[in-house]
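This is a predicted model, so every value here is computed, not measured. Order of the sequence lines sets the chain letters (A, B, ...), proteins ahead of strands, with each chain counted from 1.
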Amino acid sequence: MTHSFVPTGVELLRLSPEILLVLAGTLLLVLEGLTGAKRGRELGRLALVALGAALLASLAAARQPGLAFSGSISADGFATFFRLVVIAAGLLVALFSGPYLRRESAERGEYYALLLYSVAGQCLMASANELIVLFIALETSSIASYVLAGYLRADRRANEAAVKYFLLGSFASAFLLYGIALIYGEAGSTWLGQIRAALAGPPGSATPLAGAAAAFLFAGFAFKVSAAPFQVWAPDVYQGAPAPVAAFLSAGPKAAAFAGLLRVFMTAFEPVSASWEGIVWVSALATMIVGNLAALLQSNIKRLLAYSSIAHAGYVMVAVTAHSSIGTAAAMFYLAAYVFMNVGAFAVVSYFARQGERYVHVDDLAGLAWRQPVVAALLSLLLLSLIGVPLTGGFFGKFYVFTAALEAGLVWLTVLGLLNSAVAAYYYLRILVVMYMREPSEAAADLAAPPAPVRAALWASALATLILGIFPSTVLEYASKAAALAP
Amino acid sequence: MDALLFLIFASIAAVCGLNVVIQRQPIASALSLIGVMGSLAVLYLLLGAQFIAAAQVIVYAGAVMVLFVMVIMLLNAGAERPTGASLVASTLGVPLLAGLFAALAYVIFAGFPEPELVRFGQFRQGGAAELGYALFTRYLLVFELTSVLVLIAIAGAVVLAWREVKR
Amino acid sequence: MHLWLIPAFPLAGFLLNGIFGRRASKTFVNAVAVGAVLASFLWTLKTLGALWPLEALHLERYFTWIQAGDVRIGFDLAMDRLSAVMLLVITGVGLLIHIYSIGYMAHEGGYYRFFAYLNLFMFFMITLVLAANFLLLFVGWEGVGLCSYLLIGFWFLRSSATNAANKAFIVNRVGDFGFSIGIYLIYLHFGSLDFPEVFQAASRQPVEAGLGPLTLIGLLLAVGATGKSAQIPLYVWLPDAMEGPTPVSALIHAATMVTAGVYMVARCSAIYTHAPLAMEAVALIGLATAFLAATIGLTQFDIKKVFAYSTISQLGYMFLGAGVGAFGASIYHLWTHAFFKALLFLGAGSLIHALGEQDLRKMGGLRAKTPITFWTLLAAAVSISGVPFTAGFFSKDEILLAAYHHAPWMYWMGTLTAALTAFYVFRAIFLAFFGEPRGWSHAHESPPVMTVPLALLAVLSLIGGFAPVSRWLAPSFPAAQGHHETVLVAISVGAGLAGIALAWWFYVARPGLAERVAARLGAFYRLVYNKYFVDEIYRAALVQPVITSSQQMLWRKVDVGWIDGAVNGLAARACAAGDLLRRLQSGNLRSYAAWVLLGALGLLLTIGVAGGAR
Amino acid sequence: MSAAGVPLSWYLVLAALLFTLGAAGFIFRRNIITMFMCIELMLNAVNLTFVALAYHLRQVDGLVLAFFVMVVAAAEAAVGLAIILTVFRNRASVQIDEVQALKD
C-alpha cells in the first residue's frame, strides 16, 4: 500500500467521472450565484454536458482498470457498468427536469448542482472498495437527494417527502454505520479485501460480530433499494417528491445501492454467505409480494410506480440470493433495463402532471392514445417492458434473474417470483387499458405535445429498453465479465 | 482511577441519554444531548483519542448542538403534544428496543470474550499528527469527499432555507 | 432463402399503416395490409418450391441474440414440413381474411388501426412458427397474445369488449406462467433452447415411466398450450373473445393463434413421446374439452358463441390426436379446421353484416336472401360434420382411429362428440336459413370482396382434405399406430349423419320440439345453457379470493382481529383500524421507523445471533 | 475488576445502550427536532464504538472513521435542520404526527 500524499495521474483518471461531476456541480453553484437565478436553462444544459462528459470519462477510466487511492476504490468493469447506468439515469432525469422546473418557476443552478453531486456519490458507491468510502459516497448521494426531494420548498407534499426521507434515511444510515463499526471490530479493517481475508478463516472462527455487521449493512442497503421491510418510505416519498426527483430516486440511488450491496456481499461477506443467504431469500420474496400486492390497489400513478419499483427491487434481490457471478450479472442487467424503463415512465408522468402535479391519477391518462399517440405508444413499450414481455429489456432482465436463481437451486423462489410477475401484469395493463380504451379525460383533452427534452428522454429510454430486448448479448457479456468481482 | 472515571462518565452519558429520550421539551433534550457528548469526550480521552475528544467538544457540542439549540429557539418549539399515535410504534417499540439491546450486548460479549482491560496511556497514536498522516494518505479520498459533503450541506441549506421562493 | 422476409412483410405493413395510416386513404391502407400478407404468402410458396421436398430442416441463423457462457441463443428461423404447413395456413387463410375484412370493416372507425394490428399479428404468428428455439417461439407466443388482446378490445367503447380483452390476457398469463417455467426447465435440463439440440437430446433419453424431468416439462408446456389453445381449464377466455370483430375471430380465434398450442405440442413431440404421462394428460384434457365444449355449443343462441365453443371442441380433438400419438393427424385436423372454421366465422360475419344481428332466434329463412352465404356455410357444416370426402372427414377419422388404438373408450367419446358437433352446427344452419323469418325485415347479400373469400374457403373446406398432410408429415413424427378400419369409419360417419338428421328433425321437420325437450330436461339444460357455470365458479373460487384476501384477510382479520384485538387488550390507546398494508403505509413516520427497526432486529437475530457463530 | 481499568466490552455495551436509547427516542418522540437529535445520539454511540475499537486494535484508523462520522453528522445536521425549517414554514408545526398527508 503506497503512502503517497499526492495521487498519481492514473489514480485521478480512475476517479475522473466523480471528479468531473463534482467540479461541474461546484461550477454550477458559482455560476448560479453570479447570474442571480436567471439562467436556469443554460445551467441545465451545462449539467447535461457535464453528465455527458462523465459518461465519456467512465469509459476512459475503464481503459485503465485497477485500484486507486490506497485501494479504496476500484475502477473495474463492475464499477464502469454501474457508473454508466447511474450517469445515464442522471442524464435522462436532468433532461426532462428542465421543462418541469420551468413550469414551476424553479429552474435554478442548485438543482442541477445537487443532481450532479448525487450522481457523483452514486458513481463512487459503484467503485468503492472500502467501507467508509462507500458510506460517505452513500451519504453524498443521499444528502443531496434529501434536498432534491424537498426542492419545491413551498409545496407541502414535497416537504413531507423530504422530512420523511431524511429522517428515515438517517436512521437507516446509523444502522449501516454501526454495521461498519462492528465489522471493523471483527476484521480490524474496513477494506473489503481484508475483511474477506479475515472472515475466510476456518469455520467457527468468525464471531457473531461478523453476522451482526452483515445484518446491519444489509439493513442499510436494503433501505436504499427499498427492499422489505425497509420499503415503507418509498411510496410516500415518491408521491410527494417532484416527479423528476421521484424518477431520480427510483433509479440512481437504487442502482448504486445494489452495486454497493453486491460488492460488499459478494466479496467481503462471501465467506459467511451461509449465514445471510436465507434472510436475503425471505427479503426478496417479501419485497416482491409487498410491492405487487400494494400496487394492485393504487390509483395514484406515482405511488403505483413506487410500489412497482419496490417489486422490481425484489426481482433483483432474487438475483442477489443466487449469489453467484451469474446472479450478479443478472442483477446488473436487470438494473440497467429497470433504470431505463422506470425513468422513461416517470418522464411521461412529469410531463403529464401539469403545474402543481394536478394529474397524477391513473384515470387521468384516459384516452392518452388519442391525443398523443406517440407518447402513449412509447409509454406502452415501457410498461410492456415492466411487465416483462419479450423483445424488451425487462423480459431479459427477468429471464436472466430467474435463470440465475434456478442455477443456484432456488426453485421455489423462482416459481413464486414468476407468479408475482404474472400478478404484476395486471396493474401495468390497467394503465394500458385506460390509455387505449377510454374516452379522453379532461386531463388528456387539453394536453399539449411534449416539449423536446421530454420527448428526447422518452425516446432514449424506450430505445434503450428495446435495444436491451433485441440485442441483450453485448450488455450481458460485459456484465458477466464484470461480475467476477476480485476478492 | 480509570474505572472510576469510566463509571462516573458512563453513568452521566447513560442518564443524559435516557433524558434525551424521556424529556418532552426539545430544549431539555438538547441540553441532555450536550451532556452525553461531553461525557463521551472524557471517555474518548480515557481511550487515548485526544484529537477526537477535542473534535467532539468543538464540532459536536460547540457547533452542531448550537445549531440545534438555535433552531429550537427559532421555531419556538414548546413541549410536544401527545397527538396522534402510531400503533406499531407503541406496541412493538419496547419489545423491539429491548431485543435490540439484548442482541447487541450478546454479540459484543461473544465477540470480545476475554476481558481486555482499558488502561489510560496504553494507546498513544490518537493525536493530531497520527490522525493527520492517516487522513492524507490512506483516507485521502474520503477526506476530499467530506469537503464535497459539506458543500452539499451548504448548498442544500441555501436551497431549502433561503428566505423567499418566488412562484 | 431469406426466410426472414416472410415475417418481415407483415411487420413492414404494420409499421407503414401504423405510422402513415391515420392520414392515408383506405385504398392505401388496403393495399399495404393485403399486399404485405400476399407478399408473405408468395414468398412462402417460393421458399417451399425452392426447398422442395423439404426432407430436412432448413435452418437460417441471423445473429446471436444472447451469449451467456457457452449457451448461445440466436435469432434463428427454421423451416421444416411442420412449419411449412402452418405457414401455408397462416398466410393463405390470413390472406383471404384480410381481403374479407376490407368489406367487413368498411364502415368502422379506426380502419387503419385494425389493419395495422392485423399485420402485427401476422408478424408474430409467423415468427412463432418459424422460430428455431424456444425463446423466439415465446416472443411470437407473447406477441400474438398481445395482438389478440388489442383486437378483442378493438371496439374499446364497449365495456364488454375491454373486459373480454382483459380476461383473455389474464387467463393467458396463467398459461404463460406455466410455459415460462417449462422453458426454464428445458434450459436447465438440456442446457440449450435450440430446437434441434433439445429434441435430439430428448430423443436419446429413455422413456420415462413416472414423473421425471421430461414429464414435468411436458406438463408445464401443456399448461401453456391450454391457455393459448383454450383447453380445460383455461378455455373461458375464448367465448368472450368473440367481442372482437368477426374477421379477428376467424383469423386469430379459429384458424391460427389458438392452434399455436397444438403446434407447440406437435413441435415438442420428441419430448412428449418420452413422457407418456404428459401425453396421457394432453389426451385427457383434449377429449374432455372436446366433449364439454360440444355440449355447451348445443344450447347457445349467439351464432358466434356456437362457433366459439365449436372451436374449443375441435381444438380438443387436436389435443386428443396429439395425446394419443397421432401428431400428424392432429396437424392434419388443424389444417382442415382452419378452412372450415374460418369459413364458419366469416359466414357468420356475413350474416351479421347483413342483419346487424347475431342471435339465431332472430334469424330464420335467410336462404333466399343470402344464397352465397348459405351455400358456403353449408359446405363448412358438412365438412366439420365429417360427411365423407369433405376435408373434415379425413382428418377427424385419422384422429378417432388413433384414439381407438390408444383406448377404445376415447374413440367412443370422440364419436359421440362428432355427433354432437354435427348437431349443433346444423342446428345453427337450420335456425338461420330455414323456417320463417323471425324478426328481421331487410337483409342483403354481402359484397363480392367478402363472398369471394367465402367461396374460396368453401372449396378448400370440401377438397382440402385431399392434401395428404399427415402422410407428408409422417417422417417428422414418430410413427402413429393404427390402420384403416372400415367399421370404425362407418360408425363415426354414421354418428355425424345422425347428428345432422336429428338437427333436421328438431329444427326443420318439427319446429318447437327443441323447446319442449329443453323444458323437459329442465335443470340439466340450464346447467349446460349457462356453460356449466364455469365462469361463475372461477370467479367464486379464484378471482374473488385474490381480491378478498388482499382486502379482507390482511385487513379485517390480521389487522382488526389480531393487532387491534391485542392492542385493545394491552393498551388503552388503540385507534381505528386499517388494512395491514395500509397500516404499514399509515403515513406516520414513527410507524415506518418501527418497521425499519423490526427489520434490523430481525436481521440481527437471524444473521448475527443465530447464524454468525458457525 | 482491576482498579486499573474496565473491560473494553463495557465501552462497547455503553455504546450499544446509547444506540438503543437513540432508536427509542426516534420511535417514541413526536417532535421532529428531538427525533433528529436522537439520530445524533445514535451516531455518537457508533463513534464510541469506533474509538473503543481503535484502542482495542491499537490502530489510528478507528479514530479516522470516527472523525468522518462527525463530519457526516454535521452535514446531516445542516440539511436536516433546513428541511425541518421548511416543514415549519408550511405547517407551523414540528410535530411528526401532523406530517402524514402522504399515505395509502
Supply the atom-to-atom distance [X] [atom1] to [Y] [atom2], rounded to the nearest 0.5 angstrom.
X        : Y        : atom1 : atom2 : value
A:Ile132 : B:Arg138 : CD1   : CZ    : 13.0 Å
A:Leu29  : B:Ile152 : CG    : CD1   : 9.5 Å
A:Glu110 : B:Ile154 : CD    : CD1   : 12.5 Å

Residue part contacting chain B, namely of [X], when any heavy atom lies under 4.5 Å:
X        : result
A:Ser142 : neither
A:Tyr178 : side chain
A:Leu148 : neither
A:Glu186 : neither
A:Glu130 : side chain
A:Ala212 : side chain
A:Ile136 : both

Inset, instruction - Report yes if the side chains of B:Leu104 and A:Phe216 come closer than 4.5 Å at any heavy-atom pair, otherwise no. - result: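 Contact flag for B:Leu104/A:Phe216 side chains = yes.
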
Legend entry - Student check: side-chain heavy atoms of B:Leu140 and A:Pro7 closer than 4.5 Å: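 B:Leu140 vs A:Pro7: side chains touch.
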
Legend entry - Contact summary for A:Leu114 and B:Ala155, nearest pair of heavy atoms: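 Shortest heavy-atom separation between A:Leu114 and B:Ala155 comes out as CD2-CB, 4.4 Å.
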
For [X], which atoms come within 4.5 Å of any heavy atom of chain A: side chain, backbone, both, or neither?
X        : result
B:Val148 : side chain
B:Leu100 : side chain
B:Leu141 : both

Inset, instruction - Carefully, step by step, assess A:Leu209 and B:Phe112 under the rule side chain to side chain contact (heavy atoms under 4.5 Å, CB included). - result: CA-CA 9 Å; A:Leu209 272 184; B:Phe112 297 93; 3.6 Å; yes

Inset, instruction - Just give me the residue among B:Thr146, B:Leu151, B:Ile108 that pairs up with chain A most often, heavy atom to heavy atom, under 4.5 Å. - result: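 Looking at each option in turn, the highest pair count goes to B:Leu151.
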
Inset, instruction - Assess whether side chain to side chain contact (heavy atoms under 4.5 Å, CB included) is satisfied between B:Tyr139 and A:Thr190, documenting all intermediate values. - result: CA-CA 11 Å; B:Tyr139 293 97; A:Thr190 49; 4.0 Å; yes

